[in-house]
Protein chains: 2
Amino acid sequence: MKIDDDVRIRLKEKFEEFIKSKRMRQTPERFAILDKALDQHVHFDIDELYRDIEKEYRVCRATVYNTVELLCECNILRKHYLNENQAAYELADDRHLHLICMSCGSVREVRDEKFNQYFEQLKFKQFKPTFVSTNIYGICSQCSRKNHKDLN
Amino acid sequence: MKIDDDVRIRLKEKFEEFIKSKRMRQTPERFAILDKALDQHVHFDIDELYRDIEKEYRVCRATVYNTVELLCECNILRKHYLNENQAAYELADDRHLHLICMSCGSVREVRDEKFNQYFEQLKFKQFKPTFVSTNIYGICSQCSRKNHKDLN
DNA sequence: CCTCTTAAGAGAAATGATTTTCATTTTTTT
DNA sequence: AAAAAAATGAAAATCATTTCTCTTAAGAGG
């Protein structure tokens, strides 16, 4: 994600406050997981995060699951369901559409101000929205080309 | 879904043609599964569909999975990922947003012409879109009320 | 700083949706 | 009607995620 140091510090403080307000404990694991989560690509899954953490620390997969869940609760991360394999996580304030290839499973991010505007003005009866996850399924150019070749 | 008979017949023919074009076999199971899929609610999962089919026919879960996959390939159904438990399927031509409650998991459909217009004009470099799945996560009014009570 | 309480972590086992395997059945072709 | 091959059923396998139990260590109070 290439997070600026000041953002990183702000998010750490945010997490710290959240933990305190919930009367939970500030464990080194929790902060290590936050730190590594901020080093990931735009979207990542638990396994990618775990394999990255593993190089440096010794944490249990279940702890990674638990902590990432907390990071979602306190609005630092957001959980998306892009495909059936596993949940994908992203920084909460990075809004974009997902272009998902139904052939190879690749995911590309596209930012669009009009899209953000559209959603900001949306209001619902009887429903308080927190965030939007928009998945556009189709075929990426690489698979499209490959398919053409395969037919020859 | 409350499908009109003529739509039902058209979709059956569409599936029939798809099967023929792929040189696959027209089995009674496949048409029974299509028929029951069209009886479901706006969105349904394999388990719901299976339990409904089970009452009348004797089909294997794996066959339901396979056939629903085929129905997606031939553009009759679409596969959505609303939450981590299981995939949800919907009729391909019923476009809407999903309001998903993060507390109880309920899903509500909202149709919006502006949303359809927005997406129809979208163009992407190097990506051929097939369909859009928009999930809005938040808290439904029921859970919102319940939460308030719980705090008292 | 020390001790106690208990939340949190480790590791392993369990769960549940989906996929795979393989023997058997059934469709389609000849 | 018989042969060839695809599809089904049933059961086992897979894999992300959750749960369980035992152990460790954070944080409150002294």
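Just the heavy atoms: all of them, side chains too, but no hydrogens, waters or symmetry mates, feed the values below. Small disclaimer: the values here were computed from a predicted structure and weren't measured.
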Geometric cation-pi criterion Lys12(A) and Phe31(A), 6.0 Å radius, 45° cone: yes

Is the phosphate of dT8(D), meaning OP1 or OP2, less than 4.0 Å from a side-chain N or O of Arg61(B)? no

May I ask you to decide if the ring planes of His41(B) and His43(B) are parallel, tilted or perpendicular, using 30° and 60° as cut-offs? perpendicular

Only one of Glu69(B), Glu90(B), Glu73(B) passes salt bridge (charged side-chain N to carboxylate O under 4.0 Å, His left out) with Lys79(B), and that residue is Glu69(B)

Between Arg8(A) (side chain) and Asp35(A) (backbone), is there a donor-acceptor pair under 3.5 Å? yes

Any base atoms under 4.0 Å from Asn85(B), or only sugar-phosphate, or nothing? Heavy atoms, all strands. sugar-phosphate

Using whole Å, report how far CZ of Arg23(A) lies from C1' of dG29(D). 15 Å

Euclidean distance, atom CG of residue Asn83(A) to atom P of dT19(C) [Å, nearest integer]: 12 Å

Would you mind classifying the nucleic acid contact of Ala62(A) as base, sugar-phosphate or nothing, using non-hydrogen atoms under 4.0 angstrom? base

What bend angle does the helix from dC1(C)-dG30(D) to dT30(C)-dA1(D) show across its length, from five-pair end axes and to the nearest 10 degrees? 40°

Considering only side-chain heavy atoms of Met24(B), which listed nucleotide, dT18(C), dG27(D), dA7(D), is closest? dA7(D)

Can you check whether Thr27(B) has a side-chain N or O nearer than 4.0 Å to OP1 or OP2 of dT27(C)? no

Looking at Arg25(B), is its backbone amide N or carbonyl O close enough to the side chain of Arg30(B) to form a donor-acceptor pair, meaning the two atoms are under 3.5 Å apart? yes

If each of Thr63(A) and Asn66(B) is mapped to the nucleotide of DNA chain C with the nearest heavy atom, which maps nearer the 5' terminus, i.e. the 5' end? Thr63(A)

On DNA chain C, does the nearest nucleotide to Glu84(A) precede the nearest nucleotide to Arg30(A) from the 5' side, or the other way round? Give the residue. Arg30(A)

